[in-house]
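Input: a single structure, listed below in structure tokens.
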Amino acid sequence: MDAFISLLSLLEKQGVELAPYRTLIAPEQCLVHMPHFKLDVSVSLREDAVPRFSINDTGEPSAFRHRIHTQIEHIGISPNTLLSFFNLCPPGMAQTTLSLKWEHPLRCTLYFEELTEHESPMSLREQWYQHFYGALPHPPASDKPLVALGADFIRDQLVATKEYVLSDLNQPSDPHRSLAKMIPSHPFSKQKRVLLAQRYDAHGRDIGEKILWVTEGNTPDLAAKTWKDVSRIVRSLSLHKTSNWQMLVEWIREWRWGPACVPYPDLVCFNRQPNGMIEDLILYVSLK
């Protein structure tokens with residue numbers, strides 16, 4: 001329980017008032033499912049960064065959707081928008097995830113994830129683009145496995161969609177190998193697993209991409225090594241003096257390390273502009 005509260009403190013340190021969201025992120029509810037993944041807190045390293053957290057429906061697909069409905073006034077979308085999103089994919093067929101980003105105004109993102117377990121992910125993809133754009137504006141981003149779809153809303157209006165595929169930067173044909181030097185190989189699988197996210201605006205126009213390193217640093221030893229690797233990347237991007245990185249370093253320094261509950265960066269996200277420039281590094285901190 002203390003570890004979970006400490007994770008949430010990362011949001012409070014960034015100025016978030018958690019009281020309105022206690023139903024969504026109740027520690028006693030999330031801790032039941034934490035061994036499999038339930039909640040993460042994102043820390044962006046840009047100086048103008050805003051806080052973000054995401055929570056998924058692990059272990060309770062139907063109950064989770066009901067709880068979001070009961071908190072609708074705190075997430076910035078209407079019941080109709082929420083219902084139409086959920087109607088695209090029944091509970092249990094994909095992992096449903098809610099993300100809130102405390103911009104002004106609040107940005108709400110809804111995801112269908114773990115699509116490699118879905119019976120027909122490309123069929124869902126087609127429904128997705130028909131729903132949001134009335135057409136299929138883009139061919140599949142690649143022949144790589146589709147793993148997630150996300151939609152951003154502000155004041156109940158769609159502002160962007162995202163499509164995520166799984167890749168290994170060790171593959172000679174991967175067009176993103178320029179990042180391979182920054183990302184270490186996993187000590188066991190030897191892969192450099194990343195999620196490639198193509199982003200489109202409300203009209204379906206390409207607005208850049210995200211590249212998310214899947215660290216798998218979820219044991220005490222791997223977590224310690226991953227944090228060192230992240231620190232090296234942060235310095236290489238000249239982000240080590242930002243206030244959020246300093247806050248995160250201090251938070252890790254105060255952590256009571258042990259085998260019971262380990263904080264680790266589950267995902268490390270490189271936000272890239274269409275010209276390829278990395279504009280932000282975002283760390284998705286979770287517990288295992």
Side-chain angles (χ1 to χ4, degrees), residues 3-4 6-7 10 30-31 33-45 52-59 94-95 97 99 111-118 121 142 144-148 150 162 164-172 174 176-197 209-234 236-237 245 248-249 251-252 255 257-272 278 281-288:
F4 186 89
S6 179
L7 178 62
L10 282 178
C30 292
L31 283 171
H33 304 291
M34 191 61 75
H36 305 287
F37 187 71
K38 185 70 178 178
L39 176 139
D40 67 57
V41 173
S42 301
V43 179
S44 167
L45 300 189
R52 175 193 171 279
F53 89 101
S54 64
I55 185 166
N56 63 55
D57 66 353
T58 299
Q95 178 177 284
T97 298
S99 167
Y111 299 89
F112 293 128
E113 300 180 321
E114 306 293 344
L115 294 184
T116 53
E117 305 299 320
H118 190 279
S142 71
K144 302 180 189 303
L146 177 67
V147 295
K162 293 164 284 190
Y164 298 76
V165 298
L166 185 64
S167 184
D168 175 10
L169 294 186
N170 278 329
Q171 299 301 312
D174 198 293
H176 300 84
R177 282 183 58 80
S178 60
L179 277 180
K181 294 179 181 178
M182 301 180 73
I183 298 174
S185 297
H186 190 272
F188 304 132
S189 70
K190 305 305 179 185
Q191 291 184 323
K192 298 189 177 190
R193 281 161 49 94
V194 295
L195 300 178
L196 307 177
E209 64 183 353
K210 293 182 175 184
I211 301 172
L212 298 98
W213 168 32
V214 184
T215 72
E216 300 181 278
N218 54 12
T219 67
D221 288 345
L222 287 178
K225 179 184 182 303
T226 302
W227 282 118
K228 290 180 181 178
D229 290 330
V230 167
S231 180
R232 171 182 51 79
I233 293 171
V234 169
S236 73
L237 296 174
W245 175 247
L248 194 53
V249 167
W251 179 79
I252 296 168
W255 189 273
W257 288 85
C261 206
V262 179
Y264 74 106
D266 179 60
L267 296 171
V268 177
C269 175
F270 300 81
N271 265 19
R272 293 214 304 192
I278 297 173
L281 194 72
I282 305 170
L283 310 180
Y284 294 64
V285 183
S286 189
L287 299 176
K288 191 67 75 171

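Given the structure is predicted, the values throughout are model-derived calculations rather than measurements.
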field: side chain to side chain contact (heavy atoms under 4.5 Å, CB included) evaluation trace for V147 with E113
entry: CA-CA 6 Å; V147 295; E113 300 180 321; over 6 Å; no
- request: Apply side chain to side chain contact (heavy atoms under 4.5 Å, CB included) to the pair Y284 and T215, showing each step before the final yes or no.
  value: CA-CA 10 Å; Y284 294 64; T215 72; over 6 Å; no
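- For the pair K144 (side chain) and V165 (backbone), a donor-acceptor distance under 3.5 Å is absent.
- The backbone N or O of I282 sits nowhere less than 3.5 Å from a side-chain atom of N271 that would complete a donor-acceptor pair.
- When every heavy atom of P263 is checked against every heavy atom of A223, the shortest pair comes out as O-CB, 3.9 Å.
- At least one side-chain heavy atom of L281 sits less than 4.5 Å from a side-chain heavy atom of V268.
- Listed by chain and number, the residues in a side-chain contact (heavy atoms from CB on, under 4.5 Å) with E114 are Q95 (sequence neighbours excluded).
- Under the side chain to side chain contact (heavy atoms under 4.5 Å, CB included) rule, L283 has a single partner from I233, L248, V41, D40, which is L248.
- Residues forming a ring-ring contact (aromatic ring centres under 6.0 Å, His included) with H186 (at least two apart in sequence, or on another chain): F188.
- Atom CZ of R232 sits about 10.0 Å away from atom CG of L237, to the nearest 0.5 Å.
- At a cut-off of 3.5 Å, with distance as the only test, no side-chain donor of D221 or T219 sits close to an acceptor on the other residue.
- When atom types are taken as modelled, the side chain of K38 and the backbone of N56 share a donor-acceptor pair closer than 3.5 angstrom.
- Side-chain contact check for W251 and S6: at least one donor-acceptor pair (N or O, by modelled atom type) lies under 3.5 Å.
- The CG atom of L169 sits 13.0 Å away from atom NZ of K181, with the distance rounded to the nearest 0.5 Å.
- Within the 4.5 Å cutoff, side-chain heavy atoms of V214 are placed close to those of E216.
- Remark: Y164 engages no residue in a ring-ring contact (aromatic ring centres under 6.0 Å, His included) (not counting sequence neighbours).
- In this structure, the side chains of T226 and Y264 stay at 4.5 Å or more apart for every pair of heavy atoms.
- The OG1 atom of T97 lies 10.0 Å from the CZ atom of F112; values are rounded to the nearest 0.5 Å.
- Using modelled atom types, one finds no donor on one side chain facing an acceptor on the other under 3.5 Å when comparing S44 with R52.
- Rounding to the nearest 0.5 Å places CD1 of I278 at 10.0 Å from SG of C269.
- Nearest heavy-atom pair, D57 versus A94, reported as atom, atom and distance to 0.1 Å: OD2-O, 3.9 Å.
- In this structure, N170 and S185 approach most closely via the heavy-atom pair ND2-OG, 3.8 Å.
- Using a 4.5 Å cut-off on side-chain heavy atoms (C-beta onward), F53 and L39 make contact.
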- request: Take M182 and F270 through the side chain to side chain contact (heavy atoms under 4.5 Å, CB included) test and state the conclusion after the steps.
  value: CA-CA 11 Å; M182 301 180 73; F270 300 81; 4.0 Å; yes
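- Expressed to the nearest 0.5 Å, how far OG of S286 lies from CG of L7 amounts to 6.5 Å.
- Between the CG atom in L222 and the NZ atom in K288 there is a gap of 12.5 Å [rounded to 0.5 Å].
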